[in-house]
Amino acid sequence: MRRSPKTNAGLLASPTVVYLAIFFFAPFAIVLLYSFGMIDIFRQLRPVFTFEYYFEFFSSVVPGVFARSLLMAFATTVACLLLGYPMAYHIAVKSVRRKETLLLLVIIPFWVSFLLRTYALMTILDVNGIINVMLSNLGLISKPLSLIYNPQAVLLGMVYNYLPFMILPLYASMEKLDKSLLEAAGSLGAGPMRSFLRVTLPLTRSGIGAGSILVFVPAVGEFIIPQLLGGTESFMVGNLIWTLFLKARNLWFGSAVSIILIALVILIIGLYMKYISRGEEMAI
Amino acid sequence: MFEVELIDVSKRFGEVTAVDHVSIGVKKNEFYSILGPSGCGKTTTLRIIAGFEESDDGVLKLGGKEANDVPPYKRNVGIVFQHLALFPHMSVFDNIAFGLRMAKMPMDETRKRVEQSLELVDLQGLGGRRINQLSGGQKQRVGIARALVREPGVILLDEPLGPLDLKIRQHMQLELKRIQKQVGTTFIYVTHDQGEALTMSDTVAVMNNGRVEQIGSPREIYDRPATRFVANFIGETNFLPGILQTDGVFVCKTLGCPVLVEGARKSVGDGVLSIRPERVIIGSSLDGLDNLFEAVIEELVYHGSHVSVSAKIGEELTLKIRANPAVPLKIGGATRVGWNRADATVITLGNE
């Protein structure tokens with residue numbers, strides 16, 4: 001029997017579907033069951049359905065932690081966008097010959113483990129780190145600057161780690177940009193600034209959207225960077241969930257917090273995509 | 001005074017000289033074509049006028065004023081791009097209005113001018129369309145309207161009809177000519193299509209290898225090519241090598257006999273005689289022609305409107321001839337061919 005192309009495509013995707021069913025949907029379902037109190041401490045299903053763990057959320061310090069995480073993720077995204085956009089523009093539009101080299105330089109940090117790179121940042125920012133030692137040797141400071149264990153250090157670490165995720169999609173959208181559009185804008189009396197605002201920016205919205213999501217989503221749930229570089233006031237929602245699951249063993253509240261985080265992120269991304277695609281629609 | 005003038009302009013890209021000491025002058029309201037094969041430097045020349053490329057040497061004057069260092073957005077030059085470069089994220093209206101908005105024109109005036117230019121290019125009522133909803137020919141018209149609406153002193157067109165089908169292309173050629181007449185603006189038109197250049201232009205500059213080979217009216221370019229390249233690139237021709245002895249007598253090497261030619265400005269010496277296939281007359285009633293030869297027909301190809309004939313004269317010379325299908329001819333048959341001296345041109349090698 002001959003199969004239609006559609007069935008063949010379905011067959012090709014089936015290993016992925018099985019994989020996701022086992023390692024994504026099943027754990028997610030378990031988290032969901034925990035959040036409604038449907039599993040007991042012996043990991044058995046119990047005939048309970050409660051919102052108490054969700055109510056607990058509002059009567060705790062958790063909303064503050066959420067706000068802090070969202071703010072940090074937002075700051076990271078904006079900083080990555082401001083740093084990444086000119087970089088991507090330079091690689092895609094300005095430099096023809098060194099394109100490959102520059103792209104490679106953007107990707108090289110990935111060759112070293114994320115954890116190692118964050119530890120490396122610690123040795124630079126530490127009280128006895130490279131910067132403090134150098135400055136005090138030069139006699140510019142008498143006591144070490146506190147560069148680490150504060151929100152600024154967390155932001156620095158986040159931007160450093162997530163910047164490539166912003167540059168690559170931005171680069172991809174700029175690469176597609178027809179350079180003669182900029183010449184056309186110029187010939188119609190638009191100076192460099194207005195060409196950028198009226199042509200380049202609207203036509204790279206898809207890259208801005210993709211890059212922002214790739215940075216924002218992992219940044220909201222980030223827990224290693226605040227753990228290593230942050231102080232007590234850098235306690236993020238990722239750290240909270242980690243603590244609830246592995247330290248406090250409160251799987252029910254931890255699951256509820258996780259679900260709320262996921263819902264919130266989906267909501268934010270949904271709104272953002274809607275905003276981005278408003279201009280994008282015209283560009284396709 | 002010229003509207004656009006290039007004086008001894010050169011442009012090099014590394015080892016390659018794309019534009020080599022080019023001097024052209026385009027008069028106001030002229031339809032001026034730059035014609036040449038791909039890679040001849042015609043597009044680079046256009047981009048220098050637009051300000052997208054900086055020339056290495058020479059002077060560019062726009063409206064009589066030196067403009068070498070004026071940025072593109074201050075040049076008041078409209079451009080119709082080869083690949084159109086319409087803004088995909090804007091409607092037809094917004095594309096055309098772009099230049100007016102950049103000039104901070106009031107909204108009423110902008111609307112009026114856009115409507116007028118839509119009418120000019122025959123796209124009334126399509127202002128609200130998106131660019132991807134248009135056909136190739138319609139996009140072309142939007143590109144033209146967008147360049148025209150600012151009423152720039154000069155419009156540059158970079159092979160704008162290249163991507164269109166033959167029929168639409170021929171139609172657009174006439175349209176362009178009409179639009180140019182109607183708005184009365186200087187057009188500089190770059191093309192590799194000799195037919196396009198001949199039908200539309202007031203003046204044609206033929207370029208090859210970065211140099212201008214000849215500048216003249218379409219008729220001059222076709223009838224009196226100054227170089228072998230021009231004679232060969234524009235239309236078909238026969239080259240007869242020989243020596244121009246004195247004015248009016250050309251001794252052809254392959255014929256071994258003198259040929260009468262127009263006694264014009266030409267210098268004496270080695271050269272070639274160029275005679276167009278359609279200017280050679282074939283048949284029996286050839287009395288009164290300046291040059292007459294006995295020939296044998298080697299090949300006949302029927303094209304409907306005409307017949308392509310290869311006729312051998314003497315031992316060495318084969319002439320391409322474009323004959324009327326009504327003339328009775330057969331392969332191997334003997335016939336006579338000839339032409340008037342005014343129909344041939346001698347290109348002496350010193351001239352190239």
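Each chain gets a letter, A, B and so on, in the order its sequence line appears, and its residues count up from 1. The structure displayed is predicted, hence computed values, not measured ones.
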For atom [atom1] of [X], is the number of surrounding heavy atoms from other residues, nucleotides or ligands below 6.0 Å larger than 12?
X      : atom1 : answer
B:K177 : NZ    : yes
B:N68  : CG    : yes
A:R68  : CZ    : yes
B:M105 : CE    : yes
B:E54  : CD    : no
B:K74  : NZ    : no

Name the region of [X], side chain, backbone, both or neither, that has any atom closer than 4.5 Å to a heavy atom of chain A.
X      : value
B:R150 : side chain
B:R101 : both
B:L86  : backbone
B:F87  : both

Please report the interatomic distance CG(A:L188) to CE(B:M102), rounded to the nearest 0.5 Å. 8.5 Å
Are [X] and [Y] close enough that some pair of their side-chain heavy atoms sits under 4.5 Å apart?
X      : Y     : value
A:E183 : B:R47 : yes
A:S187 : B:V77 : no
A:P192 : B:Y73 : yes

Taking every non-hydrogen pair under 4.5 Å, which of B:I79, B:L84, B:I131 racks up the most with chain A? B:I79
Pick from B:F98, B:F52, B:F81 with the largest number of heavy-atom pairs that fall under 4.5 Å of chain A: B:F52
Check: A:S180 main-chain N/O paired with B:H83 side-chain donor or acceptor under 3.5 Å: no
Quick check: closest heavy atoms across A:L203 and B:P88, and the distance to 0.1 Å? CD2-CG, 3.7 Å
Atom of A:R198, atom of B:M90 and distance for their closest heavy-atom approach: O-CE, 3.7 Å
